[in-house]
A.B. asks: 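Right, I'll just put the structure down here and ask away after.
In this text the structure is predicted, and so the values were computed from the model without any measurement. Numbers here simply count residues along the sequence, with the first being 1.
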Amino acid sequence: MIAYKSMMRTSLPIIHDGDHGTDDVTTTLYLLGHPDIFRLLGVTTVQGNVPVSTCTRNALRTLSLVNAHHIPVFEGCATPLSRPRPIGDDAFGDDGLGGADHLPAPLFDAQDQDAVSWMMETLHASNEKITFIVTGPLTNLATLLHRAPDLAHKIDHVVIMGGALNPLATTYERCGNITEFAEFNFYMDPEAADFVVGFKGFNITLLPLDATHHMDVTKARQARALAALPAPINAEIVKLLTAAAHLDQPKFACEGAFHHDTMTGVYLARPDLFEVNEMRIRVVCDDAHRAGQCVPSDDTSRPLVRVITALRDSDVIFDEMIRGIERALSQ
Ligand code: RIB
Ligand code: CA
């Protein structure tokens, strides 16, 4: 197994960059539930599950839920790097929360500064390297690296939920969740994804569908979450965890819904729970049919990316996710 020195530090400085819909929300909660491990510097938003202004509102609602007004929120890119926004916003409803209607309205405002310039300023001013957790399209980070490649040395580690190499290949014909070939986050901005996974200068870990499709939020896990979390918000959290059921079940015959984003945080907290392989990858950009597909590359100018290929114990990982969320809700 690959070990990172940085993961052994306490209070890792973190920026969570996401397209705040269902599982981006639980990711932010998870990070807030472990202040001993993560020092969340800010939440930045990007278009993806819903338009970016809705993602920003959801990030503010998430932080308002747990009175985390001290965490600043910065709105990021509204469109992909170099193509129009590819698809509509109806997967998780207009608000992107899949029916979890009882999160509070925002109790504070987003910052005026845009996400990319804040990231640049923060990296520039920091005396320590910063870790990024990216749970949406990679547009913000790619924009930053285009604008200020010299700041890459201030980035320690980028943990990305995205891509699909060949998850559950023996069971299912299809590879992607949004198209037959592509995973949603990479599909929403293939150029950005390809630029970041091809960038040499910091550690990159990818959490693709190959791993997340082994985290089925089954009925038994839903019951465990309901029992572990405080009422009445427990029912809302379970709605967030199962919001993709109507999309995943017809494609992959899972029992509940697959869970993706929160495992980025669990990976940093408990890397021992994941199998990792190193490989070079690229993202297909120039073929409309396969846009966003993630494929192995033998181009040695690309960095070796740590790809999480399997979960060692999905029950322990699930319970750890719920424990982090529970701690955030109880603080
Ligand atoms: O493919 C999974 C990704 O897309 C996750 O980031 C989730 O938020 C979804 O919309
Ligand atoms: Ca997401």
A.B. asks: Can you confirm whether the side chains of Asn58 and Asp95 place a donor and an acceptor under 3.5 Å from each other?
C.D. replies: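 No, no side-chain donor-acceptor pair sits under 3.5 Å.
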A.B. asks: Determine whether the side chains of His16 and Thr135 contain a donor N or O and an acceptor N or O closer than 3.5 Å.
C.D. replies: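 Side-chain D/A pair, His16 to Thr135: present.
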A.B. asks: Decide side-chain contact (heavy atoms from CB on, under 4.5 Å) for Asp189 and Glu191; before the verdict, give the C-alpha distance in whole Å, the side-chain angles of both, and the deciding distance to 0.1 Å.
C.D. replies: CA-CA 6 Å; Asp189 196 344; Glu191 285 80 11; 3.9 Å; yes
A.B. asks: Given side-chain contact (heavy atoms from CB on, under 4.5 Å), test Val158 with Asn203 step by step and report yes or no.
C.D. replies: CA-CA 6 Å; Val158 178; Asn203 298 305; over 6 Å; no
A.B. asks: Please tell me whether His20 and Thr28 have a donor and an acceptor in their side chains that are separated by less than 3.5 angstrom.
C.D. replies: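 A donor-acceptor contact under 3.5 Å links the two side chains.
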A.B. asks: Find the distance between SG (Cys254) and NE2 (His214) and round it off to the nearest 0.5 Å.
C.D. replies: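 The NE2 atom of His214 is 12.5 Å from SG of Cys254, to the nearest 0.5 Å.
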A.B. asks: Running the 4.5 Å side-chain criterion over Ile, Leu, Val, Met, Phe, Trp and Tyr, what cluster does Val295 land in, apart from itself?
C.D. replies: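 Answer for Val295: Val284.
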A.B. asks: According to the interplanar angle, ranging from 0 to 90°, do the rings of His260 and His213 count as parallel (below 30°), tilted (30 to 60°) or perpendicular (above 60°)?
C.D. replies: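 Ring orientation of His260 relative to His213: tilted.
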A.B. asks: Please check if the side chain of Arg57 supplies one atom and the backbone of Pro106 the other of a donor-acceptor pair under 3.5 Å.
C.D. replies: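 Not at all, since once roles are kept as given, no pair shorter than 3.5 Å links the two residues.
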A.B. asks: Let me check something: any side-chain donor-acceptor pairs from residues 226-247 under 3.5 Å, sequence neighbours excluded? List them with distances.
C.D. replies:
{"unit_1": "Asn234", "atom_1": "ND2", "unit_2": "Leu226", "atom_2": "O", "d": "3.0"}
{"unit_1": "Glu236", "atom_1": "OE1", "unit_2": "Asp101", "atom_2": "N", "d": "2.9"}
{"unit_1": "Glu236", "atom_1": "OE1", "unit_2": "His102", "atom_2": "N", "d": "3.0"}
{"unit_1": "Glu236", "atom_1": "OE2", "unit_2": "Lys239", "atom_2": "NZ", "d": "3.0"}
{"unit_1": "Lys239", "atom_1": "NZ", "unit_2": "Gly99", "atom_2": "O", "d": "3.4"}
{"unit_1": "Thr242", "atom_1": "OG1", "unit_2": "Val238", "atom_2": "O", "d": "2.7"}
{"unit_1": "His246", "atom_1": "ND1", "unit_2": "Ala243", "atom_2": "O", "d": "3.1"}
{"unit_1": "His246", "atom_1": "NE2", "unit_2": "Ala91", "atom_2": "O", "d": "3.1"}

A.B. asks: Determine, using ring centers only, whether Phe202 and His157 are less than 6.0 Å apart.
C.D. replies: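 Centroid separation for His157 and Phe202: 6.0 Å or greater.
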A.B. asks: Passes side-chain contact (heavy atoms from CB on, under 4.5 Å), Ile155 versus Phe132? Steps please.
C.D. replies: CA-CA 8 Å; Ile155 300 176; Phe132 283 74; 3.9 Å; yes
A.B. asks: Does any N or O in the side chain of Ser330 come within less than 3.5 Å of the main-chain N or O of Arg327, such that one atom is a donor and the other an acceptor?
C.D. replies: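 Not a single qualifying donor-acceptor pair exists.
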A.B. asks: Check the pair Glu326, Arg323 against salt bridge (charged side-chain N to carboxylate O under 4.0 Å, His left out), reporting the backbone distance first and the verdict last.
C.D. replies: CA-CA 5 Å; Glu326 190 274 325; Arg323 186 162 36 248; over 6 Å; no
A.B. asks: Between CG of Asp216 and CZ of Phe252, what distance do you get to the nearest 0.5 Å?
C.D. replies: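 Here the rounded value is 11.5 Å.
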A.B. asks: Could you please spell out the steps behind the side-chain hydrogen bond (donor to acceptor under 3.5 Å, both in side chains) verdict for Arg290 and Thr179?
C.D. replies: CA-CA 8 Å; Arg290 289 177 178 261; Thr179 69; over 6 Å; no
A.B. asks: Under a 3.5 Å cutoff, is there a donor and acceptor pairing between the side chains of Glu121 and Ser117?
C.D. replies: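 No, Ser117 and Glu121 have no side-chain donor paired with an acceptor closer than 3.5 Å.
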A.B. asks: Give a yes or no on this: more than 12 heavy atoms of other residues, nucleotides or ligands lie within 6.0 Å of atom NE2 of His124.
C.D. replies: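 At most 12 heavy atoms, drawn from other residues, nucleotides or ligands, come within 6.0 Å of this atom.
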A.B. asks: Answer yes if the side chains of Asp210 and Thr309 hold a donor-acceptor pair under 3.5 Å, and no otherwise.
C.D. replies: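 No, no side-chain donor-acceptor contact under 3.5 Å.
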A.B. asks: Roughly how far, to the nearest 0.5 Å, is CG of Leu273 from CE of Met263?
C.D. replies: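 Met263 CE to Leu273 CG: 11.0 Å, rounded to 0.5 Å.
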A.B. asks: Going by heavy atoms in the side chains, are Phe184 and Asp19 under 4.5 Å from each other?
C.D. replies: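 Yes, close enough: below the 4.5 Å cut-off.
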A.B. asks: Using side-chain heavy atoms (C-beta onward) and a distance below 4.5 Å, is Leu207 in contact with Asp261?
C.D. replies: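 Side chain of Leu207 against side chain of Asp261, heavy atoms only: no contact under 4.5 Å found.
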A.B. asks: Is Gln331 reaching over with its side chain to a backbone N or O of Leu32, donor-acceptor style, under 3.5 angstrom?
C.D. replies: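 Confirmed, Gln331 side chain pairs with Leu32 backbone.
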A.B. asks: Name the orientation class of the two ring planes belonging to His146 and Phe195 (parallel below 30°, tilted from 30 to 60°, perpendicular beyond 60°).
C.D. replies: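 Geometry flag for Phe195 against His146: parallel rings.
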A.B. asks: Please round to the nearest 0.5 Å and tell me the distance separating atom CE of Met120 and atom CD of Gln113.
C.D. replies: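 Nearest 0.5 Å value for the CE-CD distance: 10.0 Å.
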A.B. asks: Any heavy-atom pair between the side chains of Val116 and Phe74 that's under 4.5 Å?
C.D. replies: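 Result no, sub-4.5 Å side-chain heavy-atom pair not found.
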A.B. asks: Report yes if the side chains of His259 and Thr26 come closer than 4.5 Å at any heavy-atom pair, otherwise no.
C.D. replies: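 Contact flag for His259/Thr26 side chains = yes.
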A.B. asks: Checking Glu183 against Gln293: is there a side-chain donor and acceptor pair closer than 3.5 Å?
C.D. replies: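 Their side chains do not contain a donor-acceptor pair, so the 3.5 Å distance test is not met.
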A.B. asks: Ignoring hydrogens and geometry, is there a side-chain-to-backbone donor-acceptor pair from Ser297 to Ile281 under 3.5 Å?
C.D. replies: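 No, Ser297 side chain to Ile281 backbone: no donor-acceptor pair under 3.5 Å.
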A.B. asks: With a 3.5 Å cut-off and no angle check, do the side chains of Ser301 and Asp299 form a donor-acceptor pair?
C.D. replies: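 Yes, side-chain donor-acceptor contact under 3.5 Å.
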A.B. asks: Does Ile130 belong to the same Ile/Leu/Val/Met/Phe/Trp/Tyr cluster as Leu138, with side-chain heavy atoms less than 4.5 Å apart forming each link?
C.D. replies: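 The answer is yes; both residues are in one hydrophobic cluster.
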A.B. asks: Hydrophobic cluster membership, with links at side-chain heavy-atom distances under 4.5 Å among I/L/V/M/F/W/Y: are Leu123 and Ile204 in one?
C.D. replies: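 Yes: a chain of side-chain contacts under 4.5 Å links Leu123 to Ile204.
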A.B. asks: Are Met161 and Asn185 side-chain neighbours, meaning at least one heavy-atom pair lies under 4.5 Å?
C.D. replies: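 Met161 reaches Asn185 side chain to side chain.
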A.B. asks: With Leu268, which of Thr131, Ile37, Thr205 fulfils side chain to side chain contact (heavy atoms under 4.5 Å, CB included)?
C.D. replies: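 Looking at Thr131, Ile37, Thr205, the match for Leu268 under the side chain to side chain contact (heavy atoms under 4.5 Å, CB included) is Thr131.
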A.B. asks: Answer yes if Leu304 and Val159 sit in the same cluster of Ile, Leu, Val, Met, Phe, Trp and Tyr residues linked by side chain heavy atoms under 4.5 Å apart, and no otherwise.
C.D. replies: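 No, Leu304 and Val159 fall in different hydrophobic clusters.
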A.B. asks: Under 4.5 Å between any side-chain heavy atoms of Met119 and Thr44, yes or no?
C.D. replies: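 Side-chain contact under 4.5 Å: yes.
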A.B. asks: Just checking, any donor-acceptor pair under 3.5 angstrom between side chains of Thr45 and Thr56?
C.D. replies: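 Short answer, yes.
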A.B. asks: Should Phe181 and Ile160 be counted in the same cluster of Ile, Leu, Val, Met, Phe, Trp and Tyr side chains packed under 4.5 Å apart?
C.D. replies: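 No, it is not one cluster - the side chains of Phe181 and Ile160 are not joined through contacts under 4.5 Å.
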A.B. asks: Please tell me if the side chains of Gln47 and Pro80 come closer than 4.5 Å, counting only heavy atoms from C-beta onward.
C.D. replies: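 In contact.
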A.B. asks: Is there a donor-acceptor pair closer than 3.5 Å between any side-chain N or O of Ser126 and the backbone N or O of Lys129?
C.D. replies: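 No; zero donor-acceptor contacts below 3.5 Å.
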A.B. asks: Who pairs with Arg147 by salt bridge (charged side-chain N to carboxylate O under 4.0 Å, His left out), at least two apart in sequence or on another chain?
C.D. replies: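 With sequence neighbours excluded, Arg147 shows a salt bridge (charged side-chain N to carboxylate O under 4.0 Å, His left out) to no residue whatsoever.
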A.B. asks: Flag yes if Val46 and Trp118 sit in one hydrophobic cluster, no otherwise; membership is Ile, Leu, Val, Met, Phe, Trp, Tyr, and two members link when side-chain heavy atoms are under 4.5 Å apart.
C.D. replies: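 Hydrophobic grouping puts Val46 apart from Trp118.
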A.B. asks: Report the distance from atom NE2 of His69 to atom CG of Leu60, rounding to the nearest 0.5 Å.
C.D. replies: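 So the NE2 of His69 and the CG of Leu60 are separated by 10.0 Å.
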A.B. asks: Would you find a donor on one side and an acceptor on the other, under 3.5 Å apart, between the side chain of Arg280 and the backbone of Arg302?
C.D. replies: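 A pair under 3.5 Å: yes.
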A.B. asks: Do you know the tightest heavy-atom contact between Ala59 and Val73?
C.D. replies: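 Closest approach of Ala59 to Val73: CB-CG1, 4.1 Å.
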A.B. asks: Examine distances only and state if a side-chain atom of Thr79 and a backbone atom of Pro84 form a donor-acceptor pair shorter than 3.5 Å.
C.D. replies: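 Flag not set: sc Thr79 to bb Pro84 has no pair under 3.5 Å.
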A.B. asks: Hey, does the side chain of Asp17 reach the backbone of Leu141 with a donor-acceptor pair shorter than 3.5 angstrom?
C.D. replies: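 The answer is no, because no donor-acceptor pair under 3.5 Å joins these two groups.
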A.B. asks: Kindly indicate, with the supporting measurements, whether the criterion side-chain contact (heavy atoms from CB on, under 4.5 Å) is fulfilled by Met215 and Leu311.
C.D. replies: CA-CA 8 Å; Met215 179 53 76; Leu311 312 179; 4.1 Å; yes
A.B. asks: How far does CZ of Arg312 sit from CZ of Arg270, to the nearest 0.5 angstrom?
C.D. replies: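 Rounded to the nearest 0.5 Å, the CZ-CZ separation comes to 11.0 Å.
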A.B. asks: With no hydrogens and no angle check, is any side-chain donor or acceptor of Arg85 less than 3.5 Å from a backbone partner on Gly48?
C.D. replies: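 Answer holds: yes.
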A.B. asks: Please evaluate residues Arg39 and Glu128 with respect to the criterion salt bridge (charged side-chain N to carboxylate O under 4.0 Å, His left out), reporting the C-alpha separation (whole Å), side-chain torsions for both, the decisive distance (0.1 Å), and the verdict.
C.D. replies: CA-CA 12 Å; Arg39 185 157 28 98; Glu128 53 191 343; 3.0 Å; yes
A.B. asks: Could you check whether any side-chain N or O of Asn277 sits under 3.5 Å from a backbone N or O of Val307, counting only pairs where one atom can act as donor and the other as acceptor?
C.D. replies: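 Answer holds: no.
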